[in-house]
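Below is one structure, written out as structure tokens; comments come after it.
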Amino acid sequence: MAANVAVIAGAGAGLSASLARLLSKEGLHVVLAARNVDKLGALIKDTGASAVETDVSDVASVERLFEAADKAGPLELAVFNASGRTRGPIAELDPEAVKQSLLVGAYGGFLVGQHAARRLLARGSGSILFTGASASIKGFPGSAGFAMPKFGLRGLAQSMARELGPKNIHVAHFIIDGQIASSARTPDRPDSHLSPDAIAETYLATHRQHRSAWSFEVELRPWVETF
């Protein structure tokens with residue numbers, strides 16, 4: 001019998017890799033979606049995951065992703081971790097770069113969320129998790145090209161949660177308020193960056209919440225972060 005499937009859209013190092021390792025350890029078959037799957041070789045070897053070259057802003061590409069996931073097993077969880085990011089003074093922003101950020105960060109979330117919802121509605125359960133940022137609720141100076149897709153993604157998640165929650169589909173949005181730790185260490189300020197493994201544990205715990213007490217929005221920040 002095929003294992004249940006978790007799709008991670010926007011896969012790479014950091015949070016996506018931590019999620020892939022944790023979810024595969026928990027018995028899910030992970031399907032990784034990325035523009036460049038060649039960079040995922042080590043992660044695929046470690047987790048037994050599948051990888052599908054995907055442009056989340058392209059309808060046909062997202063359809064191929066979920067068709068590949070269908071072949072691996074029944075969908076249980078979808079995580080949208082892709083992000084469009086364009087920064088700079090408003091008078092100097094490249095309109096095409098901003099447009100691409102919106103297509104990836106907001107429209108891509110819609111496409112992945114829509115395809116996941118169709119499958120989870122047919123199944124009657126499951127979770128769709130969206131990765132946001134502090135820019136999801138605060139537009140900072142020089143950050144219009146990042147705040148716009150993040151605000152849009154949060155609105156999408158809210159609408160989906162209200163529509164799909166009563167149908168037993170858990171939709172949650174995560175505000176990652178701070179820098180995610182990489183291999184670089186900060187011995188003078190321990191735990192000042194978010195651990196991707198710790199974030200992944202929170203995602204899994206949210207996915208497993210009892211439906212009598214579902215979270216919609218979860219804010220995660222290091223203990224030293226001001227807000």
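Keep in mind it's a predicted model, so treat the numbers as computed, not measured.
- The two residues S127 and H207 come nearest to each other via the heavy atoms OG-ND1, 2.7 Å.
- Hydrophobic clustering, with ILVMFWY side chains joined whenever heavy atoms are under 4.5 angstrom apart, keeps F80 apart from I175.
- Atom NZ of K167 sits in a sparse spot, with 12 or fewer heavy atoms from other residues, nucleotides or ligands closer than 6.0 Å.
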* Asked: Where do R35 and V104 land on the side-chain contact (heavy atoms from CB on, under 4.5 Å) test, with the steps shown first?
  -> CA-CA 11 Å; R35 285 180 179 271; V104 171; 3.9 Å; yes
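- T54 places no side-chain N or O within 3.5 Å of a backbone atom of V56 that could act as its donor or acceptor partner.
- Atoms CD and CG, on E163 and L121 in that order, are 7.5 Å from each other to the nearest 0.5 Å.
- Although no hydrogens or angles enter the test, the distance criterion places a donor-acceptor pair under 3.5 Å between the side chain of S16 and the main chain of G10.
- Here the side chains of V37 and V52 are not in contact, with every heavy-atom distance at 4.5 Å or above.
- A cation-pi arrangement is present between R221 and F227 under the rule of less than 6.0 angstrom and at most 45 degrees off the ring axis.
- Under 3.5 Å, the side chains of N168 and S125 contain no donor-acceptor pair of N or O atoms.
- Not a single donor-acceptor pair under 3.5 Å links the side chain of S143 to the backbone N or O of F146.
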* Asked: Between L15 and N81, is a side-chain contact (heavy atoms from CB on, under 4.5 Å) present by the stated rule, with each step listed?
  -> CA-CA 8 Å; L15 174 56; N81 202 34; 3.6 Å; yes
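- Closest approach of G12 to L43, counting heavy atoms only: O-CD2, 4.4 Å.
- One N or O on the side chain of Q209 and one on the backbone of S215 form a donor-acceptor pair closer than 3.5 Å.
- I128 and L111 fall within the same hydrophobic cluster, defined by Ile, Leu, Val, Met, Phe, Trp and Tyr side-chain heavy atoms under 4.5 Å apart, directly or through other members.
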* To do: Take E26 and R208, measure what salt bridge (charged side-chain N to carboxylate O under 4.0 Å, His left out) needs, and give me the verdict at the end.
  => CA-CA 12 Å; E26 294 296 318; R208 288 180 169 171; 2.7 Å; yes
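- The closest donor-acceptor contact from the side chain of S159 to the backbone of G155 lies under 3.5 Å.
- Proximity of R123 to N4: side-chain heavy atoms (C-beta onward) are separated by under 4.5 Å at one or more points.
- S61 contributes no side-chain N or O that, together with a main-chain N or O of D58, makes up a donor-acceptor pair within less than 3.5 Å.
- Under the 4.5 Å side-chain criterion, counting only non-hydrogen atoms from C-beta, H170 is in contact with T206.
- Closest heavy-atom contact between L102 and P149: CD2-N, 3.8 Å.
- Side chain of K150 to backbone of T131: a donor-acceptor contact under 3.5 angstrom is found.
- Under the 4.5 Å side-chain heavy-atom criterion for ILVMFWY residues, a single connected hydrophobic cluster contains both F110 and V112.
- When all heavy atoms of V171 and F130 are compared, the pair lying nearest together is CG1-CE1, 3.8 Å.
- With S24 contributing its side chain and A20 its backbone, the two residues share a donor-acceptor pair below 3.5 Å.
- For the atom pair CZ of R64 and CD of E53, the computed distance is 8.5 Å after rounding to the nearest 0.5 Å.
- M160 and F216 fall into different hydrophobic clusters, where Ile, Leu, Val, Met, Phe, Trp and Tyr are joined by side-chain heavy atoms under 4.5 Å apart, directly or via other members.
- Separating the OG1 atom in T47 from the CG atom in L22 is a distance of 11.5 Å, to the nearest 0.5 Å.
- Using a 4.0 Å cut-off between charged nitrogen and carboxylate oxygen, D46 and R21 do not count as a salt-bridge pair.
- The shortest heavy-atom contact between A3 and P74 is O-CD, 3.8 Å.
- Grouping the Ile, Leu, Val, Met, Phe, Trp and Tyr side chains by contacts below 4.5 angstrom, directly or via other members, places V218 with I180.
- With hydrogens and angles ignored, the 3.5 Å screen pairs a side-chain donor or acceptor of T86 with a backbone N or O of A97.
- Side-chain contact check for H115 versus E63: some heavy-atom pair is nearer than 4.5 Å.
- To the nearest 0.5 angstrom, F174 atom CZ is 5.5 Å from Y203 atom OH.
- A pairwise comparison of heavy atoms in P190 and W223 identifies O-NE1, 3.4 Å as the closest pair.
- The pair R154-E217 counts as a salt bridge, with a side-chain nitrogen and a carboxylate oxygen less than 4.0 angstrom apart.
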* Asked: When you look at H173 and L129, which way does the side-chain contact (heavy atoms from CB on, under 4.5 Å) test go after all the steps?
  -> CA-CA 6 Å; H173 178 256; L129 309 180; over 6 Å; no
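- Taken from CG in L120 to CG in L75, the straight-line distance is 4.5 Å, to the nearest 0.5 Å.
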* To do: Report the C-alpha distance between S195 and D197 in whole Å, list the side-chain angles of each, state the deciding distance to 0.1 Å, and finish with yes or no for side chain to side chain donor-acceptor pair (under 3.5 Å).
  => CA-CA 5 Å; S195 161; D197 290 344; 4.9 Å; no
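- Side chain of S134 to backbone of D177: no donor-acceptor contact under 3.5 angstrom is found.
- For D94 and K99, the salt-bridge test fails: no basic side-chain N is under 4.0 Å from an acidic carboxylate O.
- V59 places a side-chain heavy atom less than 4.5 Å from the side chain of Y107.
- Distance check, rounded to the nearest 0.5 Å: CD1 of I8 to CG of L32 gives 5.5 Å.
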* **Pair V31-H29, side-chain contact (heavy atoms from CB on, under 4.5 Å): steps then yes or no** => CA-CA 7 Å; V31 177; H29 179 78; 3.9 Å; yes
